[in-house]
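Reminder, nothing fancy here: chain letters follow the sequence lines and each chain counts from 1. Just so it is clear, the structure is predicted and the values come from calculations on it, not from any experiment.
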Number of protein chains: 2
Amino acid sequence: MSESKAGQPDETAKPRRRQARGERRIQQLLDAAASVFCRAGYTSASTNAIAREAGVSPGTLYQFFPNKEAIAVELGERLNRRMLETHGVVFTLENAALPLRELIDAVLDPMIEFNCANPAFLTLLQSSDAPGHFLEEHAALHDSIQDRIGELIGVRNPGLSPERRTHTANMAFALFKAGLGLILGHEGAEREAYVAELKTALYGYLAPVLGTEGAPARP
Amino acid sequence: MSESKAGQPDETAKPRRRQARGERRIQQLLDAAASVFCRAGYTSASTNAIAREAGVSPGTLYQFFPNKEAIAVELGERLNRRMLETHGVVFTLENAALPLRELIDAVLDPMIEFNCANPAFLTLLQSSDAPGHFLEEHAALHDSIQDRIGELIGVRNPGLSPERRTHTANMAFALFKAGLGLILGHEGAEREAYVAELKTALYGYLAPVLGTEGAPARP
DNA sequence: CAAGAATGCGAGCGGGCGCTCGTGTTTGTC
DNA sequence: GACAAACACGAGCGCCCGCTCGCATTCTTG
């Protein structure tokens with residue numbers, strides 16, 4: 001059943017065989033899109049500007065994406081996937097047993113690093129202006145992260161009611177995004193200072209709910 | 001030697017005499033703008049839509065505002081002024097002497113109430129996409145609030161270095177905006193829950209810096 | 001090689017945007 | 001009432017947007 005040739009995800013009827021050149025173009029276009037979205041926001045970013053930044057013509061852009069929205073969706077999905085692939089391990093359950101301060105370090109440091117390297121991610125997460133359909137994909141992306149946080153909270157404090165857990169996860173994520181905005185808005189020592197402030201804030205918020213100690217598991 | 005006629009490039013000259021009807025129209029237009037900005041964000045909001053929502057023609061809108069940007073600026077200024085007039089008292093120094101929990105209640109409750117009644121304010125505060133000039137006015141609005149917070153923090157803990165104070169004020173304000181977004185995104189009991197979560201978060205963040213007690217002098 | 005698919009181009013389309021302008025109506029002042 | 005200023009209208013201008021299309025070029029395959 002499995003094709004011995006290149007993996008063929010037989011989804012809908014889409015007999016489009018991409019060449020290596022095409023994949024490269026897609027990556028160029030997404031990189032350019034990240035840059036332009038970051039600079040102007042989703043609505044103000046123009047597809048012509050994205051194509052220009054990628055060094056291709058508008059027509060070429062539309063060879064690979066059906067419309068502007070699809071660019072943002074694909075960019076968001078790729079960034080999300082890459083973040084989980086690279087740093088998804090921080091959400092594993094063993095981390096839940098760490099003392100709270102170490103848990104926050106373990107989760108935040110990779111996330112902050114990733115977002116500093118990919119500032120477009122936060123831009124997409126915060127883009128409130130958007131055509132309706134993008135908002136749905138956007139919400140899905142949002143929830144996929146929120147679920148990870150809620151899961152971690154649930155393991156850490158199983159006694160929490162589902163509502164409280166949702167509220168806590170939502171608020172923690174919102175606080176994180178807020179701090180991330182400050183962090184990305186500064187550089188060098190200032191940035192480090194805001195990283196420390198954000199950790200302090202999250203510690204202060206989560207300590208009463210999750211406890212400061214780690215799980216009784218001993219090495 | 002006053003000018004008899006002929007308005008020249010005199011900056012301070014304001015030869016426009018508004019009638020009561022005009023002031024009413026301006027208010028209608030700003031109300032409509034608040035609604036549209038809130039629904040679509042600054043960039044996606046169209047001046048034609050604002051005029052339509054206000055029940056006037058596009059030409060009438062431009063009788064009172066030179067361009068779209070001026071609408072947002074004026075709206076922001078009016079909201080900011082109104083907030084300070086109505087609730088500015090919460091930043092007075094006597095409040096700084098309250099126990100931290102009461103201080104947070106005293107500051108946050110009126111702010112939350114105001115922002116629930118005027119959700120456009122947060123929209124403007126968060127509007128990242130915008131033409132350059134608007135961003136300057138926007139930053140001024142931002143700073144005017146931030147200064148108030150920094151002042152309060154400074155009175156509460158005079159020993160704080162100016163840098164720390166700035167960082168703390170910035171972070172506290174960012175956390176507040178983040179929580180406010182969640183609050184405005186929910187209603188009824190959910191909203192109340194997020195209000196409580198936000199207060200918890202701010203308390204947890206500020207307690208180590210400002211102390212939980214009311215007495216300002218503390219070894 | 002030939003042939004077809006994938007890729008690439010860029011002028012230009014339809015449309016909605018911010019905004020204008022000629023004209024008509026209401027209001028304040030004498 | 002006479003007159004000017006303020007107010008109101010709405011068709012429409014110029015611009016730029018997202019996006020298309022016809023055609024040229026490059027790759028893959030046999």
For this session: Provide, to the nearest angstrom, the distance between the CG atom belonging to A:Leu61 and the P atom belonging to D:dT20.
Result: 11 Å

Exercise. What's the CD-P distance between B:Glu69 and C:dC17, to the nearest Å?
Worked result: 19 Å

For residues 134-143 of chain B, which side-chain N or O atoms pair as donor and acceptor with protein atoms under 3.5 Å away, sequence neighbours left out?
{"from": "B:His138", "atom 1": "NE2", "to": "B:Leu124", "atom 2": "O", "distance (Å)": "3.1"}
{"from": "B:His138", "atom 1": "NE2", "to": "B:Leu125", "atom 2": "O", "distance (Å)": "3.0"}
{"from": "B:His142", "atom 1": "NE2", "to": "B:Lys177", "atom 2": "NZ", "distance (Å)": "3.0"}

Exercise. Which residues pass the side chain to side chain contact (heavy atoms under 4.5 Å, CB included) test with B:Arg164, sequence neighbours left out?
Worked result: A:Glu197, B:Leu160, B:Ser161, B:Thr168, B:Val209

Exercise. Once you build an axis from the first five pairs and another from the last five of the helix from C:dC1-D:dG30 to C:dC30-D:dG1, how far apart in angle are they, to 10 degrees?
Worked result: 10°

Are there any protein N/O atoms within less than 3.5 Å of an N/O atom in nucleotides 15-18 of chain D, and if so, which ones and at what distance?
{"from": "D:dG18", "atom 1": "OP1", "to": "A:Ala45", "atom 2": "O", "distance (Å)": "2.9"}
{"from": "D:dG18", "atom 1": "OP1", "to": "A:Thr47", "atom 2": "N", "distance (Å)": "3.4"}
{"from": "D:dG18", "atom 1": "OP1", "to": "A:Lys68", "atom 2": "NZ", "distance (Å)": "3.0"}
{"from": "D:dG18", "atom 1": "OP2", "to": "A:Thr47", "atom 2": "N", "distance (Å)": "2.7"}
{"from": "D:dG18", "atom 1": "OP2", "to": "A:Thr47", "atom 2": "OG1", "distance (Å)": "3.2"}

For this session: Tell me, yes or no, whether the heavy-atom count around A:Glu94 atom CD, taken from other residues, nucleotides or ligands under 6.0 Å, exceeds 12.
Result: no

Problem set entry | For A:His87, all residues meeting ring pair (Phe, Tyr, Trp, His ring centres under 6.0 Å), sequence neighbours excluded | none

Ignoring hydrogens and angles, write down the donor-acceptor pairs under 3.5 Å from the side chains of residues 104-111 of chain B, residues two or more places apart or on other chains.
{"from": "B:Asp105", "atom 1": "OD1", "to": "B:Lys199", "atom 2": "NZ", "distance (Å)": "3.0"}
{"from": "B:Asp109", "atom 1": "OD1", "to": "B:Lys199", "atom 2": "NZ", "distance (Å)": "2.8"}
{"from": "B:Asp109", "atom 1": "OD2", "to": "B:Lys199", "atom 2": "NZ", "distance (Å)": "3.4"}

For this session: Output all residues satisfying side-chain hydrogen bond (donor to acceptor under 3.5 Å, both in side chains) with A:His167, sequence neighbours left out; order by chain, then residue number.
Result: B:Glu190

Between the protein and nucleotides 7-11 of chain C, are there any N/O to N/O pairs under 3.5 Å, and if so, what are the atom names and distances?
{"from": "C:dT7", "atom 1": "OP1", "to": "A:Gln19", "atom 2": "N", "distance (Å)": "2.9"}
{"from": "C:dT7", "atom 1": "OP2", "to": "A:Arg16", "atom 2": "NE", "distance (Å)": "3.4"}
{"from": "C:dT7", "atom 1": "OP2", "to": "A:Arg18", "atom 2": "NH2", "distance (Å)": "3.3"}
{"from": "C:dT7", "atom 1": "O3'", "to": "A:Arg21", "atom 2": "NH1", "distance (Å)": "3.3"}
{"from": "C:dG8", "atom 1": "OP1", "to": "A:Arg25", "atom 2": "NE", "distance (Å)": "2.7"}
{"from": "C:dG8", "atom 1": "OP1", "to": "A:Arg25", "atom 2": "NH2", "distance (Å)": "3.4"}
{"from": "C:dG8", "atom 1": "OP2", "to": "A:Arg25", "atom 2": "NE", "distance (Å)": "3.3"}
{"from": "C:dG8", "atom 1": "N7", "to": "A:Gln63", "atom 2": "OE1", "distance (Å)": "3.3"}
{"from": "C:dC9", "atom 1": "OP2", "to": "A:Ser57", "atom 2": "N", "distance (Å)": "3.2"}
{"from": "C:dC9", "atom 1": "OP2", "to": "A:Thr60", "atom 2": "OG1", "distance (Å)": "3.1"}
{"from": "C:dG10", "atom 1": "N7", "to": "A:Ser57", "atom 2": "OG", "distance (Å)": "3.3"}
{"from": "C:dG10", "atom 1": "O6", "to": "A:Gly59", "atom 2": "N", "distance (Å)": "3.4"}

Seminar exercise, completed: The complete set of salt bridge (Lys or Arg N to Asp or Glu O under 4.0 Å) pairs with one or both residues in residues 23-33 of chain B, sequence neighbours excluded, reads none

For this session: Give every residue pair that meets the ring pair (Phe, Tyr, Trp, His ring centres under 6.0 Å) criterion with at least one member in residues 62-86 of chain B, sequence neighbours excluded.
Result: none

Seminar exercise, completed: Hits for side-chain hydrogen bond (donor to acceptor under 3.5 Å, both in side chains) against A:Glu69, two or more places apart or cross-chain, chain-then-number order -> none

Problem set entry | Interatomic distance where CZ belongs to B:Arg24 and C1' belongs to C:dT26 [whole Å] | 12 Å

Problem set entry | B:Arg82: salt bridge (Lys or Arg N to Asp or Glu O under 4.0 Å) partners, not counting sequence neighbours | none

